[in-house]
Amino acid sequence: MARVPRRILPGFRLTLGFTLSYLGVMVLIPLVACLVRVSSLTWPQFWGAVWTPRVRAAFLFSFEVSLSAAVISVLLGTLIAWVLVRYDFPFRRFFDSMVDLPFALPTAVAGLVYSSLYVESGWLGRFLVPLGINGAYSPLAVVLVLVFVGMPFVVRTVQPVLETFDGEMEEAAHLLGANRWQTFWRVLFPNMIPAAIAGFTLAFARALGEYGSVVFVSSNMPFKTEIAPVLIVSRLEEYAYPEASAIAAVLLGCSFATLVLINALDRWVRQNGT
Amino acid sequence: MSIALRNLGKRFGNFVALDNINLEIPTGELVALLGPSGSGKTTLLRIISGLETPDEGDVLYFGEDVTDQSARARNVGFVFQHYALFRHMTVFENVAFGLRVRRRKKDEIKKKVLELLKLVRLDSLEGRLPAQLSGGQRQRVALARALAIEPKVLLLDEPFGALDAKVRQELRQWLRRLHDEIHVTSVFVTHDQEEAFEVADRIVVMNQGKVEQIGSPQEIFEKPASQFVFDFLGNVNVFEGHISRGQASVGSFSVDYPHYTEDQTRPAMLYVRPHEFDIDKSSNGTSSFRAVVVRAHPVGSLARVRLVSLDFETPFDAEIHIERFMELSLKAGDTVYVAPKRVRVFTAESNVPDYSI
Amino acid sequence: MLLIVGCGKMGHEILAATLRSKRHLQEPWWVRWSLIVFTVAVMTVLIVIPVICVFVNAFADGPRTYWDRIINDQETLDSIRVTLTVAPIAVIMNIIFGVSAAWLIARFKFPGRSWLIALIDLPFAVSPVVVGLMLILLFGRRGFLGPWLIEHDLKIVFAIPGMILATAFVTLPFVVRELIPVMEALGSDEEVAAVSLGANAWQLFWRVTLPNIKWGLLYGIILCNARAMGEYGAVYVVSGRIPNETDTMPIRIEKLFQNYDMPGAFAVASILTLLALVTLGVKVILERRARREMELAKQMRETGTPV
């Protein structure tokens, strides 16, 4: 039998007990409550709640905007991380710390201000609306606010990886005859991909569940610009708990899938690189 | 001459990294740049490679001035201390990189890479990622990668620095054999004198941005050109003494020193290596002095003896053959007579070593 | 979750200087500057302009009107009170949990450890709206515990306790996530030494561990607090949105927004924006301090003497 090593530091039992009880009460019990409620539905009931044109439209829209926002976030975020790490320019520190603002700014505030910036009389809308770009109460508005929410995740996952590039790999490539462009595409870029994907997944997961900012900037029209979380809330307001739970279960499933993906990726990256 | 350096100088801010370096490296030799950290040896290597530009002076490859050429254009092989392998590429792809960016044909690349992997004995590991290799294997991949572009010169920065002692020992001998096989002009940086002595054809000893001595390992060991070289080679006993009237002395012990015949006494350092002592139980005149054994223990075929001289109270180490040690049956507390077989005298004014006895 | 206060990060200055000093590692100047200009433009449009916009809109009618809108609106005042009740309690719960879980994860190896870490991250992946829903299903009138709660005259959903639970759920990972990397970077040498010198658990924590993790912990608390005060989705669902009773500041913003009272909404928003800016400011200061301490510790290790 394997011997359990004696733990030198105190507090294992205490912290284990407390951590597990807290997580149990705070996270697991509510989660189980939700799942039990869903599983008490019969299959046709569940299907009837989830497979309606409105629910399908809501999920489709949710995926559309989240995916677009995540793609934009990953492109912008990677670029921003690159510039912040590798170049020096006036106010660099200021911009570096502003990256974190979306983490700290309440989503309701983000929604409020985004909804006012892009209307026709808004600060940015007055330039964009005449160009035919409508960034308020449109799918574009939702994507914009989701980029605001998701982009910092990409910057903050890619940045540490870029900081580990101390120049040696690049010097090696240079000495072996690669030009700057070849060095970037063949050496640096492939090493940034895992972090960028992780950032993408985080931004996507966050966007999928986002509620606060979206209700402000979206017209929330059923079949058109209604996202899944908004639909859950309106089902709740109709006291249609089973339907709300069923939709929530699907949303939860999607979120967990992304979480599992992040962990699998993380493990893969750890195995395949330093 | 493969590489010639003329009056090279380099500063970082106020720090003088290299000061008027002149050096020629003959074709086909394996040269070690030996020195303590901060001596400028890595900077020198990086200037030779083109990764660093000198503030003054020229770098010549085969007589051609390459000072203003980029590192890319110089076609040098460079092995980084921490290898700088491309972590997302397999061993094969790492070695192939230089050929890929030169747009060589696929089958040509494959043939060349496999040949090199065979040379560095990694032919079975071509599909591995750097993270899945041991330190020594990574080192060899880095070497194969550097050789793939058929460099005019091969530069290695502390090639064995990041390895543990046993692997280091093996790789050293292997590098020497490899060099004898391919004969590409190679320069490597090291702070480990043993490494330099074992591997190199020629050693360049550096200190504080200057070249202290250039020579074969034997020359450096036998005739250290300065106090620094002597100190750096290590394992030496220093006695603070003085010189006057053709004698260098410490306490009652003195040796001939014909270079200084004046009456005025001047301070001097007397250097004796541990294996350059004879130990005996009886005196043999002025060429020996009395000392007390502090500690004595056998180490392999030698015995290491720690002594303190009786009249000038300096502790020092001696190494004698084990047979001699048994014969004398030395133990702590014994009083013995110690006769240096060879003494090197350094004075504050001159860095030129002087030999006695 | 990704905001780790200064541990083991190569200073940008050193890296940038290294790259700058090497011609061959630099992109051509026009590439560099177009990327910089583009980045600055994107960040300005996405982040800086919105922040300025909040304050400009809030103060559009002068500071007195601004003050009036906050101080003379009972519903707004009450929403501030509710937020100041809910957030601190949720934060305190998560501090206790965070320290305990970080100690467990950073100091012990045990089976199921990686599962536990995944479980701690779980609230990141759950939509806040779903969090609210789960609490209603559990504590609501028709929920699993509903009848029992009614029998004992306890109100959780559509009341402060439910909002605290919702807020605590959503902000649960923040403190732990800050502490784990800090504690792992520190290692347990000092703690083992303290134990070997006879320190008990209490002394160990207060005298050895806490002084070492204090900056990370402080930032975790501040970030957790900003998120707790700003939480919207989950609180929206469980609060019932009863004016003067369960409206928090973000919900108050939404109500003012729905009533087309934009100046009022921006006035409340400006307070929360200020909170966010303060949070960032504290982060910058703490990072600098943590970095300096790391450097001092490193110097001490290398030279063996205090500087």
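Just so it is clear: chains get the letters A, B, ... in the order the sequence lines come, proteins before strands, and each one is counted from 1.
Among residues two or more places apart in sequence or in another chain, the side-chain contact (heavy atoms from CB on, under 4.5 Å) test is passed with A:A172 by B:F80, B:A84, B:F86, B:R145.
A cation-pi geometry, defined here as NZ or CZ lying under 6.0 Å from the six-membered ring centre and within 45° of its normal, does not hold between C:R107 and A:F12.
Contact annotation for C:R32: both backbone and side-chain heavy atoms come within less than 4.5 Å of a heavy atom of chain A. Using a 4.5 Å cut-off between heavy atoms, C:F139 does not touch chain A at all. With a threshold of 4.5 angstrom between heavy atoms, C:F97 approaches chain A through its backbone and through its side chain.
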Tabulate below the donor-acceptor pairs under 3.5 Å that side-chain atoms of residues 35-45 of chain C make, not counting sequence neighbours, or state none.
unit_1 : atom_1 : unit_2 : atom_2 : d
C:T39  : OG1    : C:L35  : O      : 3.0
C:T44  : OG1    : C:V40  : O      : 2.5

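C:R113 CZ: more than 12 foreign heavy atoms inside a 6.0 Å radius.
Using a cutoff of 4.0 Å between basic side-chain nitrogens and carboxylate oxygens, A:E237 and C:R241 are scored as salt-bridged.
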Decide side-chain contact (heavy atoms from CB on, under 4.5 Å) for A:R180 and C:V31; before the verdict, give the C-alpha distance in whole Å, the side-chain angles of both, and the deciding distance to 0.1 Å.
CA-CA 11 Å; A:R180 211 45 218 149; C:V31 174; over 6 Å; no
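The interface of residues 248-256 of chain C with chain A, defined by heavy-atom distances below 4.5 Å, comprises C:P250, C:I253, C:E254.
For the pair C:P128 and A:G209, the tightest heavy-atom approach, listed with the atom from each and the gap, is CD-O, 3.4 Å. Of all heavy-atom pairs between A:M26 and C:F169, the closest is O-CD1, 3.1 Å.
Annotation: side-chain hydrogen bond (donor to acceptor under 3.5 Å, both in side chains) contacts involving residues 11-23 of chain A, sequence neighbours excluded, comprise A:T19-C:S100, A:Y22-C:N94.
Put simply, of C:L122, C:I120, C:V237, the one with the most heavy-atom pairs under 4.5 Å next to chain A is C:L122.
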